[in-house]
K.L.:
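Have a look at this one before I ask anything.
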Protein chains: 2
Amino acid sequence: MGRTPAGETREKVFAFVRDRLLAGQPPTVREVQEALGFRAVRTAQQHLERLVEEGRLVAGRHRARGYRLPGSSEGARTVLAPVLGRVPAGALDAAVEDPDGYLPVDARGAAAGDLFALRVRGESMTGVGILPGDLVIVRRQPTAANGDLVVARVGDEATVKTFRSRGRRVELRPENPAFAPIVLDAGAVAILGKVIEVRRILGAHGGTGA
Amino acid sequence: MGRTPAGETREKVFAFVRDRLLAGQPPTVREVQEALGFRAVRTAQQHLERLVEEGRLVAGRHRARGYRLPGSSEGARTVLAPVLGRVPAGALDAAVEDPDGYLPVDARGAAAGDLFALRVRGESMTGVGILPGDLVIVRRQPTAANGDLVVARVGDEATVKTFRSRGRRVELRPENPAFAPIVLDAGAVAILGKVIEVRRILGAHGGTGA
DNA sequence: GACAATACCATACATTTGAATGCCATTGCA
DNA sequence: TGCAATGGCATTCAAATGTATGGTATTGTC
(Lines give C-alpha, C1' and ligand atoms only; values in the text may rest on other atoms or scores of the structure.)
Protein backbone atom coordinates (compact mmCIF):
# COMPACT_ATOMS: atom_id res chain seq x y z
CA MET A 1 0.00 0.00 0.00
CA GLY A 2 2.00 2.88 -1.22
CA ARG A 3 0.79 5.67 -3.40
CA THR A 4 -0.07 6.77 -6.88
CA PRO A 5 2.37 7.41 -9.75
CA ALA A 6 3.54 10.94 -10.38
CA GLY A 7 1.92 14.18 -9.25
CA GLU A 8 -1.28 13.09 -10.90
CA THR A 9 -3.23 13.08 -7.70
CA ARG A 10 -2.21 16.57 -6.69
CA GLU A 11 -3.28 17.76 -10.10
CA LYS A 12 -6.70 16.30 -9.51
CA VAL A 13 -6.85 17.91 -6.10
CA PHE A 14 -6.04 21.28 -7.60
CA ALA A 15 -8.58 20.88 -10.38
CA PHE A 16 -11.26 19.95 -7.87
CA VAL A 17 -10.55 22.88 -5.61
CA ARG A 18 -10.25 25.31 -8.50
CA ASP A 19 -13.57 24.27 -10.01
CA ARG A 20 -15.31 24.54 -6.69
CA LEU A 21 -13.84 27.96 -6.08
CA LEU A 22 -14.84 29.20 -9.51
CA ALA A 23 -18.32 27.89 -8.86
CA GLY A 24 -18.44 30.00 -5.71
CA GLN A 25 -18.44 27.07 -3.32
CA PRO A 26 -15.11 26.73 -1.55
CA PRO A 27 -14.57 23.14 -0.38
CA THR A 28 -13.53 21.91 3.04
CA VAL A 29 -10.52 19.68 3.53
CA ARG A 30 -12.86 16.80 4.17
CA GLU A 31 -14.77 17.44 0.98
CA VAL A 32 -11.49 17.23 -0.89
CA GLN A 33 -10.74 14.01 0.94
CA GLU A 34 -14.04 12.50 -0.05
CA ALA A 35 -13.94 13.71 -3.65
CA LEU A 36 -10.51 12.23 -4.20
CA GLY A 37 -11.26 9.04 -2.31
CA PHE A 38 -8.70 9.44 0.44
CA ARG A 39 -9.34 7.52 3.60
CA ALA A 40 -7.60 10.05 5.81
CA VAL A 41 -8.24 13.73 6.22
CA ARG A 42 -4.55 14.23 6.58
CA THR A 43 -3.87 13.11 3.05
CA ALA A 44 -6.07 15.76 1.51
CA GLN A 45 -4.64 18.24 3.96
CA GLN A 46 -1.09 17.47 2.85
CA HIS A 47 -1.92 17.90 -0.82
CA LEU A 48 -3.46 21.25 -0.07
CA GLU A 49 -0.41 22.31 1.91
CA ARG A 50 1.72 21.29 -1.02
CA LEU A 51 -0.36 23.35 -3.45
CA VAL A 52 -0.01 26.34 -1.17
CA GLU A 53 3.77 25.86 -1.06
CA GLU A 54 3.80 25.82 -4.83
CA GLY A 55 1.86 29.04 -4.86
CA ARG A 56 -1.06 27.57 -6.72
CA LEU A 57 -3.42 28.10 -3.81
CA VAL A 58 -3.65 30.54 -0.95
CA ALA A 59 -4.75 29.44 2.50
CA GLY A 60 -6.53 31.43 5.14
CA ARG A 61 -5.33 30.27 8.51
CA HIS A 62 -7.98 28.47 10.46
CA ARG A 63 -10.74 29.73 8.23
CA ALA A 64 -13.49 27.35 7.28
CA ARG A 65 -13.37 26.78 3.53
CA GLY A 66 -10.43 29.11 3.53
CA TYR A 67 -8.59 28.16 0.35
CA ARG A 68 -8.49 30.68 -2.48
CA LEU A 69 -6.94 31.09 -5.88
CA PRO A 70 -4.01 33.48 -5.79
CA GLY A 71 -4.85 36.88 -7.22
CA SER A 72 -8.55 36.52 -6.65
CA SER A 73 -8.29 36.51 -2.89
CA GLU A 74 -7.77 40.22 -2.55
CA GLY A 75 -9.25 43.16 -4.31
CA ALA A 76 -11.50 41.37 -6.72
CA ARG A 77 -15.02 41.88 -5.57
CA THR A 78 -18.05 41.24 -7.66
CA VAL A 79 -21.32 43.12 -7.44
CA LEU A 80 -24.44 42.97 -9.58
CA ALA A 81 -25.39 45.95 -11.68
CA PRO A 82 -29.05 46.10 -12.76
CA VAL A 83 -29.65 46.39 -16.49
CA LEU A 84 -32.24 49.12 -16.91
CA GLY A 85 -34.71 48.30 -19.60
CA ARG A 86 -36.66 51.49 -19.92
CA VAL A 87 -34.83 54.70 -20.21
CA PRO A 88 -34.90 56.30 -16.79
CA ALA A 89 -37.39 59.09 -17.34
CA GLY A 90 -37.52 60.27 -13.78
CA ALA A 91 -35.47 59.16 -10.85
CA LEU A 92 -33.09 56.33 -11.49
CA ASP A 93 -34.29 54.44 -8.47
CA ALA A 94 -37.68 53.90 -10.01
CA ALA A 95 -36.19 52.16 -13.02
CA VAL A 96 -33.96 49.98 -10.89
CA GLU A 97 -36.96 48.34 -9.35
CA ASP A 98 -37.71 46.52 -12.55
CA PRO A 99 -34.44 45.62 -14.20
CA ASP A 100 -33.99 43.44 -17.25
CA GLY A 101 -31.38 41.45 -15.40
CA TYR A 102 -28.10 41.84 -13.67
CA LEU A 103 -24.50 41.97 -14.80
CA PRO A 104 -21.66 40.85 -12.56
CA VAL A 105 -19.17 43.67 -12.27
CA ASP A 106 -15.77 43.70 -10.68
CA ALA A 107 -16.35 46.72 -8.50
CA ARG A 108 -13.27 47.94 -6.75
CA GLY A 109 -13.97 51.33 -5.31
CA ALA A 110 -17.60 51.55 -6.37
CA ALA A 111 -20.39 50.71 -4.00
CA ALA A 112 -22.90 48.18 -5.17
CA GLY A 113 -25.84 50.54 -5.42
CA ASP A 114 -23.95 53.04 -7.47
CA LEU A 115 -23.77 50.95 -10.60
CA PHE A 116 -26.23 50.26 -13.35
CA ALA A 117 -26.13 49.22 -16.98
CA LEU A 118 -27.83 50.41 -20.14
CA ARG A 119 -28.06 49.01 -23.63
CA VAL A 120 -26.74 51.34 -26.29
CA ARG A 121 -29.02 52.33 -29.16
CA GLY A 122 -27.83 53.95 -32.33
CA GLU A 123 -24.46 54.30 -33.95
CA SER A 124 -23.41 57.64 -32.58
CA MET A 125 -20.45 56.24 -30.69
CA THR A 126 -18.98 53.76 -33.11
CA GLY A 127 -15.85 55.88 -33.34
CA VAL A 128 -14.77 54.72 -29.90
CA GLY A 129 -15.76 51.13 -30.41
CA ILE A 130 -19.24 51.31 -28.92
CA LEU A 131 -21.70 49.58 -31.21
CA PRO A 132 -25.49 49.37 -31.14
CA GLY A 133 -26.58 46.73 -28.67
CA ASP A 134 -23.50 47.07 -26.50
CA LEU A 135 -24.00 47.35 -22.77
CA VAL A 136 -22.46 50.26 -20.91
CA ILE A 137 -21.87 49.96 -17.20
CA VAL A 138 -22.36 53.26 -15.47
CA ARG A 139 -21.37 54.60 -12.10
CA ARG A 140 -23.84 57.17 -10.89
CA GLN A 141 -22.50 60.65 -10.45
CA PRO A 142 -24.08 64.06 -11.02
CA THR A 143 -21.08 65.72 -12.63
CA ALA A 144 -18.45 64.92 -15.19
CA ALA A 145 -15.08 66.11 -16.41
CA ASN A 146 -14.26 67.09 -19.97
CA GLY A 147 -13.65 64.02 -22.06
CA ASP A 148 -15.61 61.69 -19.80
CA LEU A 149 -17.92 59.23 -21.43
CA VAL A 150 -21.24 59.92 -19.75
CA VAL A 151 -24.87 58.91 -19.72
CA ALA A 152 -26.92 62.09 -19.80
CA ARG A 153 -30.61 62.71 -19.81
CA VAL A 154 -31.88 65.33 -22.22
CA GLY A 155 -35.61 65.66 -21.92
CA ASP A 156 -37.02 62.16 -21.70
CA GLU A 157 -34.17 60.42 -23.35
CA ALA A 158 -30.90 59.04 -22.02
CA THR A 159 -27.91 59.04 -24.31
CA VAL A 160 -24.28 58.00 -24.16
CA LYS A 161 -21.92 60.74 -25.29
CA THR A 162 -18.58 62.34 -24.64
CA PHE A 163 -18.93 65.18 -22.18
CA ARG A 164 -17.49 68.62 -22.65
CA SER A 165 -18.43 71.88 -20.95
CA ARG A 166 -17.82 75.38 -22.21
CA GLY A 167 -18.79 77.82 -19.53
CA ARG A 168 -22.54 77.56 -19.01
CA ARG A 169 -22.94 75.43 -22.07
CA VAL A 170 -22.59 71.71 -22.19
CA GLU A 171 -21.61 69.81 -25.31
CA LEU A 172 -22.60 66.17 -25.68
CA ARG A 173 -20.42 64.97 -28.47
CA PRO A 174 -21.06 61.83 -30.47
CA GLU A 175 -18.04 59.89 -31.70
CA ASN A 176 -19.19 59.46 -35.25
CA PRO A 177 -18.74 62.06 -38.01
CA ALA A 178 -22.27 61.38 -39.25
CA PHE A 179 -23.75 62.80 -36.08
CA ALA A 180 -23.75 66.37 -34.83
CA PRO A 181 -22.86 67.42 -31.28
CA ILE A 182 -25.67 68.41 -28.94
CA VAL A 183 -25.09 71.77 -27.32
CA LEU A 184 -27.32 72.81 -24.46
CA ASP A 185 -27.52 75.00 -21.43
CA ALA A 186 -26.18 73.25 -18.35
CA GLY A 187 -29.64 73.40 -16.81
CA ALA A 188 -31.15 71.35 -19.60
CA VAL A 189 -28.84 68.39 -19.10
CA ALA A 190 -28.77 65.94 -16.25
CA ILE A 191 -25.69 63.80 -15.90
CA LEU A 192 -26.78 60.36 -14.76
CA GLY A 193 -23.34 58.86 -14.47
CA LYS A 194 -20.07 57.98 -16.03
CA VAL A 195 -19.40 54.98 -18.23
CA ILE A 196 -16.77 52.80 -16.59
CA GLU A 197 -17.04 49.75 -18.79
CA VAL A 198 -18.35 48.63 -22.16
CA ARG A 199 -19.48 45.10 -22.92
CA ARG A 200 -20.51 43.26 -26.01
CA ILE A 201 -22.05 39.86 -25.47
CA LEU A 202 -21.71 37.77 -28.59
CA GLY A 203 -23.31 34.66 -27.18
CA ALA A 204 -22.85 31.05 -28.09
CA HIS A 205 -23.99 31.33 -31.68
CA GLY A 206 -23.49 33.67 -34.56
CA GLY A 207 -20.44 35.46 -35.80
CA THR A 208 -19.47 39.08 -35.79
CA GLY A 209 -21.97 40.04 -38.43
CA ALA A 210 -19.44 42.29 -40.05
CA MET B 1 -31.72 50.77 22.69
CA GLY B 2 -34.26 49.84 20.11
CA ARG B 3 -33.70 49.46 16.45
CA THR B 4 -33.45 50.99 13.02
CA PRO B 5 -36.35 52.36 10.92
CA ALA B 6 -37.88 50.11 8.32
CA GLY B 7 -36.42 46.99 6.74
CA GLU B 8 -33.38 48.94 5.70
CA THR B 9 -31.03 46.87 7.73
CA ARG B 10 -32.19 43.58 6.31
CA GLU B 11 -31.69 45.00 2.86
CA LYS B 12 -28.11 45.77 3.72
CA VAL B 13 -27.64 42.30 5.12
CA PHE B 14 -28.92 40.80 1.91
CA ALA B 15 -26.74 43.02 -0.25
CA PHE B 16 -23.71 42.10 1.78
CA VAL B 17 -24.34 38.38 1.59
CA ARG B 18 -25.22 38.52 -2.08
CA ASP B 19 -22.08 40.41 -2.97
CA ARG B 20 -19.93 38.04 -1.00
CA LEU B 21 -21.54 35.03 -2.64
CA LEU B 22 -21.04 36.47 -6.08
CA ALA B 23 -17.43 37.10 -5.21
CA GLY B 24 -17.10 33.41 -4.39
CA GLN B 25 -16.55 34.03 -0.71
CA PRO B 26 -19.58 32.97 1.31
CA PRO B 27 -19.64 34.84 4.61
CA THR B 28 -20.05 33.42 8.09
CA VAL B 29 -22.78 34.62 10.39
CA ARG B 30 -20.18 36.46 12.41
CA GLU B 31 -18.80 38.16 9.35
CA VAL B 32 -22.28 39.46 8.65
CA GLN B 33 -22.51 40.59 12.23
CA GLU B 34 -19.28 42.50 12.02
CA ALA B 35 -19.95 43.99 8.60
CA LEU B 36 -23.29 45.38 9.72
CA GLY B 37 -22.00 46.49 13.09
CA PHE B 38 -24.19 44.26 15.25
CA ARG B 39 -22.98 43.56 18.72
CA ALA B 40 -24.61 40.16 18.94
CA VAL B 41 -24.20 37.15 16.67
CA ARG B 42 -27.84 36.47 17.20
CA THR B 43 -28.90 39.63 15.44
CA ALA B 44 -27.15 38.77 12.22
CA GLN B 45 -28.44 35.25 12.61
CA GLN B 46 -32.03 36.45 12.86
CA HIS B 47 -31.76 38.61 9.79
CA LEU B 48 -30.41 35.66 7.86
CA GLU B 49 -33.23 33.45 9.08
CA ARG B 50 -35.65 36.09 7.94
CA LEU B 51 -34.11 36.28 4.49
CA VAL B 52 -34.40 32.52 4.22
CA GLU B 53 -38.06 32.67 5.20
CA GLU B 54 -38.62 35.26 2.52
CA GLY B 55 -36.95 32.96 0.03
CA ARG B 56 -34.21 35.38 -0.78
CA LEU B 57 -31.52 33.10 0.60
CA VAL B 58 -31.09 29.39 1.02
CA ALA B 59 -29.41 27.91 4.08
CA GLY B 60 -27.40 24.74 4.37
CA ARG B 61 -27.96 23.17 7.74
CA HIS B 62 -24.93 23.28 9.96
CA ARG B 63 -22.61 24.02 7.09
CA ALA B 64 -19.86 26.53 7.51
CA ARG B 65 -20.52 29.48 5.23
CA GLY B 66 -23.60 27.66 4.11
CA TYR B 67 -25.82 30.41 2.76
CA ARG B 68 -26.55 30.45 -0.97
CA LEU B 69 -28.62 32.41 -3.44
CA PRO B 70 -31.76 30.51 -4.40
CA GLY B 71 -31.66 28.96 -7.84
CA SER B 72 -27.94 29.47 -8.05
CA SER B 73 -27.83 26.18 -9.86
CA GLU B 74 -29.87 27.75 -12.64
CA GLY B 75 -30.38 31.22 -13.96
CA ALA B 76 -27.80 33.90 -13.53
CA ARG B 77 -24.64 32.28 -12.41
CA THR B 78 -21.43 34.11 -12.03
CA VAL B 79 -18.10 32.44 -12.46
CA LEU B 80 -14.62 33.87 -12.52
CA ALA B 81 -12.63 33.60 -15.72
CA PRO B 82 -8.86 33.76 -15.36
CA VAL B 83 -7.15 36.52 -17.32
CA LEU B 84 -4.18 34.90 -18.99
CA GLY B 85 -1.19 37.16 -18.98
CA ARG B 86 1.25 35.30 -21.16
CA VAL B 87 0.12 34.02 -24.47
CA PRO B 88 -0.54 30.34 -24.01
CA ALA B 89 2.40 28.83 -25.87
CA GLY B 90 1.64 25.24 -25.02
CA ALA B 91 -1.31 23.80 -23.23
CA LEU B 92 -3.83 26.28 -21.95
CA ASP B 93 -3.79 24.66 -18.55
CA ALA B 94 -0.22 25.72 -18.02
CA ALA B 95 -1.06 29.37 -18.53
CA VAL B 96 -4.06 29.21 -16.25
CA GLU B 97 -1.79 28.42 -13.35
CA ASP B 98 -0.52 31.96 -13.28
CA PRO B 99 -3.36 34.30 -14.19
CA ASP B 100 -3.25 38.07 -14.04
CA GLY B 101 -6.56 38.10 -12.23
CA TYR B 102 -10.13 37.04 -12.71
CA LEU B 103 -13.16 38.52 -14.41
CA PRO B 104 -16.68 37.81 -13.21
CA VAL B 105 -18.68 36.34 -16.06
CA ASP B 106 -22.33 35.50 -16.26
CA ALA B 107 -21.89 31.96 -17.46
CA ARG B 108 -25.09 30.29 -18.49
CA GLY B 109 -24.32 27.14 -20.35
CA ALA B 110 -20.59 27.27 -19.97
CA ALA B 111 -18.79 25.25 -17.35
CA ALA B 112 -16.59 27.24 -15.03
CA GLY B 113 -13.30 25.83 -16.18
CA ASP B 114 -14.09 26.39 -19.83
CA LEU B 115 -13.73 30.14 -19.77
CA PHE B 116 -10.70 32.37 -19.86
CA ALA B 117 -9.90 35.91 -20.90
CA LEU B 118 -7.17 37.53 -22.98
CA ARG B 119 -6.14 41.11 -23.53
CA VAL B 120 -6.24 42.17 -27.15
CA ARG B 121 -3.09 43.57 -28.74
CA GLY B 122 -3.00 45.43 -32.00
CA GLU B 123 -5.62 47.08 -34.11
CA SER B 124 -6.50 44.26 -36.43
CA MET B 125 -10.10 43.99 -35.21
CA THR B 126 -11.14 47.61 -34.86
CA GLY B 127 -13.69 47.09 -37.62
CA VAL B 128 -15.92 45.13 -35.27
CA GLY B 129 -15.38 47.43 -32.32
CA ILE B 130 -12.53 45.55 -30.69
CA LEU B 131 -9.80 47.97 -29.73
CA PRO B 132 -6.28 47.42 -28.39
CA GLY B 133 -6.41 46.75 -24.68
CA ASP B 134 -9.90 45.27 -24.76
CA LEU B 135 -10.50 42.03 -22.95
CA VAL B 136 -12.03 39.13 -24.81
CA ILE B 137 -13.74 36.39 -22.87
CA VAL B 138 -13.26 33.03 -24.52
CA ARG B 139 -14.96 29.70 -24.21
CA ARG B 140 -12.60 26.87 -24.94
CA GLN B 141 -13.41 24.78 -27.93
CA PRO B 142 -11.24 23.07 -30.52
CA THR B 143 -13.32 23.91 -33.56
CA ALA B 144 -15.18 26.87 -34.98
CA ALA B 145 -17.81 27.73 -37.57
CA ASN B 146 -17.44 30.20 -40.39
CA GLY B 147 -17.87 33.74 -39.13
CA ASP B 148 -17.02 32.89 -35.53
CA LEU B 149 -14.75 35.23 -33.69
CA VAL B 150 -12.01 32.94 -32.42
CA VAL B 151 -8.76 32.91 -30.53
CA ALA B 152 -6.31 30.85 -32.52
CA ARG B 153 -2.73 29.89 -31.99
CA VAL B 154 -0.42 30.18 -34.94
CA GLY B 155 3.06 29.15 -33.97
CA ASP B 156 3.82 30.71 -30.62
CA GLU B 157 1.31 33.50 -30.86
CA ALA B 158 -2.36 33.73 -30.01
CA THR B 159 -4.52 36.06 -32.05
CA VAL B 160 -8.13 37.11 -32.21
CA LYS B 161 -9.59 36.85 -35.71
CA THR B 162 -12.68 35.97 -37.64
CA PHE B 163 -12.64 32.32 -38.59
CA ARG B 164 -13.34 30.99 -42.05
CA SER B 165 -12.46 27.64 -43.55
CA ARG B 166 -12.14 26.76 -47.22
CA GLY B 167 -11.62 23.07 -47.54
CA ARG B 168 -8.25 22.20 -46.01
CA ARG B 169 -7.34 25.82 -45.71
CA VAL B 170 -8.18 28.07 -42.85
CA GLU B 171 -8.48 31.81 -43.14
CA LEU B 172 -8.00 34.00 -40.10
CA ARG B 173 -9.43 37.30 -41.17
CA PRO B 174 -8.69 40.59 -39.46
CA GLU B 175 -11.48 43.16 -39.39
CA ASN B 176 -9.43 46.10 -40.50
CA PRO B 177 -8.63 46.92 -44.12
CA ALA B 178 -5.06 47.76 -43.18
CA PHE B 179 -4.36 44.13 -42.28
CA ALA B 180 -4.16 41.11 -44.55
CA PRO B 181 -5.88 37.79 -43.88
CA ILE B 182 -3.79 34.89 -42.67
CA VAL B 183 -4.31 31.78 -44.75
CA LEU B 184 -2.89 28.52 -43.49
CA ASP B 185 -3.27 24.79 -43.69
CA ALA B 186 -5.70 23.51 -41.08
CA GLY B 187 -2.88 21.62 -39.42
CA ALA B 188 -0.94 24.81 -38.75
CA VAL B 189 -3.73 26.44 -36.76
CA ALA B 190 -5.01 25.51 -33.33
CA ILE B 191 -8.34 26.91 -32.30
CA LEU B 192 -8.18 27.74 -28.62
CA GLY B 193 -11.73 28.91 -28.27
CA LYS B 194 -14.50 31.20 -29.31
CA VAL B 195 -14.96 34.77 -28.20
CA ILE B 196 -18.26 35.08 -26.36
CA GLU B 197 -17.84 38.55 -24.94
CA VAL B 198 -15.78 41.72 -25.36
CA ARG B 199 -15.06 44.14 -22.54
CA ARG B 200 -13.45 47.51 -22.35
CA ILE B 201 -12.71 48.78 -18.87
CA LEU B 202 -12.45 52.54 -18.88
CA GLY B 203 -11.87 52.91 -15.18
CA ALA B 204 -12.59 55.79 -12.89
CA HIS B 205 -10.42 58.35 -14.65
CA GLY B 206 -9.68 59.39 -18.17
CA GLY B 207 -11.89 59.87 -21.17
CA THR B 208 -12.31 57.84 -24.28
CA GLY B 209 -8.87 58.55 -25.60
CA ALA B 210 -10.20 58.84 -29.11
C1' DG C 1 -52.79 50.95 28.62
C1' DA C 2 -52.38 46.23 26.68
C1' DC C 3 -50.33 43.73 23.20
C1' DA C 4 -48.14 42.15 19.14
C1' DA C 5 -44.29 42.95 16.10
C1' DT C 6 -39.71 44.41 15.18
C1' DA C 7 -34.85 45.09 16.16
C1' DC C 8 -31.37 44.25 19.04
C1' DC C 9 -28.27 42.24 22.75
C1' DA C 10 -25.42 38.83 25.88
C1' DT C 11 -24.27 34.29 26.33
C1' DA C 12 -24.02 29.31 26.00
C1' DC C 13 -23.82 25.08 23.26
C1' DA C 14 -22.95 21.74 19.45
C1' DT C 15 -21.18 20.83 15.02
C1' DT C 16 -18.09 21.59 11.52
C1' DT C 17 -13.69 21.92 10.11
C1' DG C 18 -8.54 23.24 9.91
C1' DA C 19 -4.36 21.72 11.89
C1' DA C 20 -1.26 18.52 14.45
C1' DT C 21 0.95 13.89 15.99
C1' DG C 22 2.71 9.61 14.82
C1' DC C 23 3.20 5.73 11.77
C1' DC C 24 3.51 2.55 7.34
C1' DA C 25 4.61 1.50 2.24
C1' DT C 26 6.87 2.41 -2.16
C1' DT C 27 10.33 4.49 -4.99
C1' DG C 28 14.74 6.14 -6.36
C1' DC C 29 19.44 7.06 -5.50
C1' DA C 30 24.10 7.05 -3.56
C1' DT D 1 22.29 -1.63 2.06
C1' DG D 2 21.06 2.73 3.85
C1' DC D 3 18.24 6.65 3.45
C1' DA D 4 15.81 10.62 1.93
C1' DA D 5 11.55 11.75 -0.55
C1' DT D 6 6.93 10.82 -1.63
C1' DG D 7 2.14 9.25 -0.92
C1' DG D 8 -0.83 7.47 2.18
C1' DC D 9 -3.34 6.22 6.78
C1' DA D 10 -5.71 6.58 11.65
C1' DT D 11 -6.60 9.59 15.19
C1' DT D 12 -6.73 13.65 18.22
C1' DC D 13 -6.96 18.57 19.33
C1' DA D 14 -8.45 23.25 18.87
C1' DA D 15 -10.40 27.01 16.39
C1' DA D 16 -14.11 28.46 13.61
C1' DT D 17 -18.82 28.66 13.11
C1' DG D 18 -24.01 27.50 13.02
C1' DT D 19 -27.72 27.29 16.36
C1' DA D 20 -30.41 27.95 20.52
C1' DT D 21 -32.09 30.35 25.19
C1' DG D 22 -33.67 34.22 27.22
C1' DG D 23 -34.01 39.08 27.75
C1' DT D 24 -34.55 44.61 26.66
C1' DA D 25 -36.11 48.73 23.99
C1' DT D 26 -38.93 51.01 20.38
C1' DT D 27 -42.88 51.35 17.44
C1' DG D 28 -47.52 50.88 15.99
C1' DT D 29 -52.34 49.33 16.70
C1' DC D 30 -56.61 48.42 19.04
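Every chain is numbered from 1 and lettered A, B, ... according to where its sequence line falls, protein lines coming before strand lines.
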K.L.:
Sugar-phosphate means primed atoms, P, OP1 and OP2; the rest is base. With that split, encode nucleotides 16-21 of chain D 5' to 3' as B, S or - using protein heavy atoms under 4.0 Å.
P.N.:
SBBBBB

K.L.:
For B:V150, is there any backbone N or O sitting under 3.5 Å from a side-chain donor or acceptor partner on B:D148?
P.N.:
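A pair under 3.5 Å: no.
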
K.L.:
Please check the phosphate of C:dC9 (OP1 and OP2 only) for any side-chain N or O of B:T43 closer than 4.0 Å.
P.N.:
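So the side chain of B:T43 is within the cut-off, an N or O lying under 4.0 Å from OP1 or OP2 of C:dC9.
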
K.L.:
Take the protein atom CG of A:L57 and the nucleotide atom C1' of C:dG18, then report the distance between them rounded to whole Å.
P.N.:
15 Å

K.L.:
Ignoring backbone atoms, test whether B:H47 places a side-chain nitrogen or oxygen under 4.0 Å from the OP1 or OP2 oxygen of C:dC8.
P.N.:
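For C:dC8, OP1/OP2 do have a side-chain N/O of B:H47 under 4.0 Å.
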
K.L.:
Whole Å only: how far is the CD atom of B:Q46 from the P atom of D:dG23?
P.N.:
15 Å

K.L.:
Just the rounded figure in Å: distance from P of D:dG7 to CZ of A:R39.
P.N.:
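For the pair A:R39 CZ and D:dG7 P, the rounded distance is 18 Å.
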
K.L.:
Will you find, in the side chains of B:S124 and B:E175, an N or O donor that is under 3.5 Å from an N or O acceptor?
P.N.:
no

K.L.:
Mind calculating the distance between NZ (A:K12) and P (D:dG8) to the nearest angstrom?
P.N.:
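Answer to the nearest Å: 10 Å.
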
K.L.:
Rounding to an integer number of Å, can you tell me how far A:E34 CD sits from C:dT17 P?
P.N.:
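The answer, rounded to whole Å, is 11 Å.
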
K.L.:
Using a strict threshold of under 4.0 Å (side-chain N to carboxylate O), is an ion pair present between B:R169 and B:E171?
P.N.:
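Looking at B:E171 and B:R169, the cut-off is not met.
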
K.L.:
Grab the two heavy atoms, one from B:P27 and one from B:R20, that are nearest each other, plus how far apart they are.
P.N.:
CD-CB, 3.8 Å

K.L.:
Considering just the side-chain nitrogens and oxygens of A:T9, establish if one lies under 4.0 Å of OP1 or OP2 belonging to D:dT6.
P.N.:
no

K.L.:
Specify the separation, in whole Å, of atom CZ of A:R10 and atom P of D:dA5.
P.N.:
15 Å

K.L.:
Taking ring pair (Phe, Tyr, Trp, His ring centres under 6.0 Å) as the definition, give me every residue that meets it alongside A:F38, ordered by chain and number, with sequence neighbours left out.
P.N.:
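Per chain and number, A:F38 pairs via ring pair (Phe, Tyr, Trp, His ring centres under 6.0 Å) with A:H47.
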
K.L.:
Please list, chain by chain and in numerical order, all residues satisfying side-chain contact (heavy atoms from CB on, under 4.5 Å) with A:V41, sequence neighbours excluded.
P.N.:
A:V29, A:R30, A:Q33

K.L.:
Could you check how far CD of B:Q33 sits from C1' of C:dC9, rounded to whole Å?
P.N.:
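From B:Q33 CD to C:dC9 C1': 10 Å.
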
K.L.:
So that I can tick it off, tell me whether A:D185 and A:R168 are bridged by a salt bridge, with the cut-off set at under 4.0 angstrom between side-chain N and carboxylate O.
P.N.:
yes

K.L.:
Provide, to the nearest angstrom, the distance between the CD atom belonging to B:E11 and the C1' atom belonging to C:dT6.
P.N.:
16 Å

